[in-house]
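Working notes for the structure below.
Computed from a predicted structure; not experimentally measured. Each chain gets a letter, A, B and so on, in the order the sequences are listed, and its residues count up from 1.
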There are 2 protein chains.
Amino acid sequence: MTIQEAARRSGLSAHTLRYYERIGLIHAVDRNGRGHRDYDERDLEWLAFLTRLRSTGMSIADMCRYAQLLRAGAHTAEERRRMLERHREKVAARIAELTQDLSALDYKIKTYRETT
Amino acid sequence: MTIQEAARRSGLSAHTLRYYERIGLIHAVDRNGRGHRDYDERDLEWLAFLTRLRSTGMSIADMCRYAQLLRAGAHTAEERRRMLERHREKVAARIAELTQDLSALDYKIKTYRETT
DNA sequence: GTTTGACTTCGAGCACGCTCTAAGGGCGAC
DNA sequence: GTCGCCCTTAGAGCGTGCTCGAAGTCAAAC
């Protein structure tokens with residue numbers, strides 16, 4: 001599929017897709033006869049995974065590291081798993097922090113409701 | 001108290017405290033005889049509140065807007081409350097999103113555990 | 001055959017939120 | 001008095017993650 005189609009389906013812009021490829025976050029996507037990028041379903045799955053890592057706050061640098069390990073082969077599976085586990089803990093901690101902040105916010109809003 | 005002490009107690013750097021003052025996020029802090037900033041407890045409370053807004057992802061621009069409203073007086077209380085309520089919804093949505101991402105991550109980690 | 005439009009690469013530019021530097025002032029310790 | 005240190009202001013610089021622009025290619029539409 002074309003870069004526009006991949007952009008539409010991944011929710012990323014075509015600019016961003018090219019950028020991700022440039023920095024090695026996605027492998028060199030197949031090119032068709034014209035030299036245009038030709039994405040397939042597996043590319044989209046990988047993009048969806050990346051998007052989830054991004055949305056949970058993983059840095060581009062760490063995602064690149066993960067992508068490198070993946071390309072390096074099966075012997076890096078354990079290190080990848082450890083990366084994900086460490087990241088998982090960060091996400092859990094972030095949720096806990098936000099949950100605390102949310103109740104502080106609720107408290108503050110309540111005082112506004114009472115005084116106005 | 002000195003800027004260093006305020007930095008230590010707020011968890012922000014002295015650079016950041018000056019920056020916040022410059023952009024109007026905190027009012028012009030009192031100066032002592034030497035022209036040095038002299039923070040008081042209310043300044044610290046305000047910084048703690050700002051820090052909480054920041055940590056929940058409110059932009060500096062929105063925090064400035066809130067600070068402006070606060071300085072404008074009691075008649076802006078309702079608008080401030082509405083700002084906080086809108087922000088509250090964003091935070092709640094973010095927690096929901098992260099919670100979903102967390103289980104996706106857990107699922108991925110589980111597949112790693114099973115295949116290695 | 002030329003216009004349109006989507007694609008290519010590569011590098012510059014931008015928004016955000018700091019973070020640091022330069023240049024200078026003032027005070028205490030020696 | 002001079003060294004050291006912390007403060008001041010104003011403005012430049014930086015890291016991150018895009019986002020955009022320039023210059024050029026190619027194929028289909030008219």
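Sorted by first then second residue, the salt bridge (charged side-chain N to carboxylate O under 4.0 Å, His left out) pairs that include residues 45-57 of chain A, not counting sequence neighbours, are A/R52-B/D101. The stretch residues 83-93 of chain B participates, sequence neighbours left out, in these salt bridge (charged side-chain N to carboxylate O under 4.0 Å, His left out) pairs: A/D106-B/R88, A/R113-B/E85, B/R81-B/E85.
Taking only side-chain nitrogens and oxygens, A/Q4 comes nearer than 4.0 Å to OP1 or OP2 of C/dC7. Using a 4.0 Å cut-off, some side-chain N or O of B/Y20 falls inside it from OP1 or OP2 of C/dC18.
The nucleotide range of DNA chain D contacted by chain A, defined by atoms under 4.0 angstrom from heavy atoms of the protein and reported 5' to 3', is D/dG17 to D/dA27.
C/dC7 atom C1' lies 17 Å from atom CE of A/M1, rounded to whole Å. At whole-Å resolution of the value, CZ in B/R18 and C1' in C/dG17 are 17 Å apart. In this structure, the CD atom of A/E5 is 14 Å from the C1' atom of C/dA6, given to the nearest Å.
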All N/O contacts under 3.5 Å from nucleotides 12-14 of chain C to the protein, with atom names and distances to one decimal?
none

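Here the side chains of A/R65 and A/E79 are in contact, with some heavy-atom distance below 4.5 Å. Considering only heavy atoms from C-beta on, B/S10 comes within 4.5 Å of B/L17 through its side chain. Counting heavy atoms from C-beta outward, A/M1 and A/L44 have side chains that approach closer than 4.5 Å. A/R9 is listed as a side-chain neighbour of A/E5, based on a closest heavy-atom distance under 4.5 Å. Looking at A/R80 and A/L84, their side chains never come closer than 4.5 Å, going by heavy atoms from C-beta outward.
Of all the residues in residues 52-71 of chain A, not one reaches under 4.0 Å from DNA chain C with any non-hydrogen atom. The stretch residues 23-43 of chain A comes close to DNA chain C through A/R31, A/G35, A/H36, A/R37, each having a heavy atom under 4.0 Å from the strand.
The nearest pair of heavy atoms linking A/D62 to A/M83 is O-CE, 3.4 Å.
Between B/H15 and A/S13, the one whose closest nucleotide on DNA chain D sits nearer the 5' end is B/H15.
At a cut-off of 3.5 Å, with distance as the only test, a side-chain donor of B/T56 or B/H87 sits close to an acceptor on the other residue.
Within a 6.0 Å radius of CZ in A/R71, more than 12 heavy atoms belonging to other residues, nucleotides or ligands are found. Residue B/E97 qualifies as enclosed at atom CD: its count of foreign heavy atoms under 6.0 Å is above 12.
Between B/R18 and B/E21, none of the side-chain N atoms (NZ, or NE/NH1/NH2) sits under 4.0 Å from a carboxylate O, so this pair counts as no salt bridge.
A/Y66 and A/W46 have parallel rings, their planes meeting at less than 30° on a 0 to 90° scale where 60° marks the start of perpendicular.
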